[in-house]
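Shown next, in structure tokens, is the structure this report addresses.
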Amino acid sequence: MKIICIGRNYTKHIEELQNEKPTEPVIFLKPDSAILAKKMPFFIPAFAEGIHYEVEILVKINKVGKHIEQKFAHKYYDEIGLGIDFTERTLQSKLKAKGLPWEKAKAFDGSAVIGDFYPKTDFDLSGIKFQLIINGKTVQDGNSKFMLWQIDELISYVSQFFTLKKGDVIFTGTPAGVGQVHPDDILVGVLEGNTAFELKIK
Ligand code: ZN
């Protein structure tokens, strides 16, 4: 399986990183080796200067598809989840400044937290609420209605470049409020009131 991530999908997050607003979705990939094993803590990698959390709504693809029209995109997913796109922000900023690929900052081992999935019929897809809580404090409070590109648009766009396969996961971008993690932090992801993941930083 592959992990397809969308960058810069929420205006307020674009502003906090002082990025340019894109005219089309920003896409990058994570390999399957980036997935943090369930119930495992996240170990801050030795190379890291500053790891940022980014909580994101996840979409699990349920069948193979290419050049998917937006009006048919809803047929390609049944489940919505929540996860974290861990990012080495210092390194990413350096790579971005040089126009280099982000993989070292975004695709390292453990950088993809994939929490629980729920049937999409549990949600009002026009406004899915989600939060990231660290040590009991809400640090990111998102709502999918503020995405620049909604799930169906993303599936259609991404499938122009990559054949989507059953089991692939799309990370749909993070809202404002990103910040650094520290050893002993406890991160809890909440998707419409459901605890989708809980993990410790080491
Ligand atoms: Zn992200």
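Just so you know, ligand 1 is whichever comes first in the structure, and atom 1 is the first atom listed for that ligand.
If you look at D85 and ask which of its N, O or S atoms sits nearest the Zn ion (ligand 1), the answer is OD2. Nearest N/O/S atom of E56 with respect to the Zn ion (ligand 1) is recorded as OE2. Take the N/O/S atoms of E54: the one nearest the Zn ion (ligand 1) is OE1.
Annotation: cation-pi pair K63/Y76 present, NZ/CZ under 6.0 Å from the ring centroid and within 45° of its normal.
Within 6.0 Å of NZ in K145 there are 12 or fewer heavy atoms belonging to other residues, nucleotides or ligands.
Ring orientation note: the planes of F108 and F42 are tilted relative to one another, at an angle of 30° to 60°.
Among the candidates K2, K60, K30, the single residue satisfying the salt bridge (charged side-chain N to carboxylate O under 4.0 Å, His left out) test with D168 is K2.
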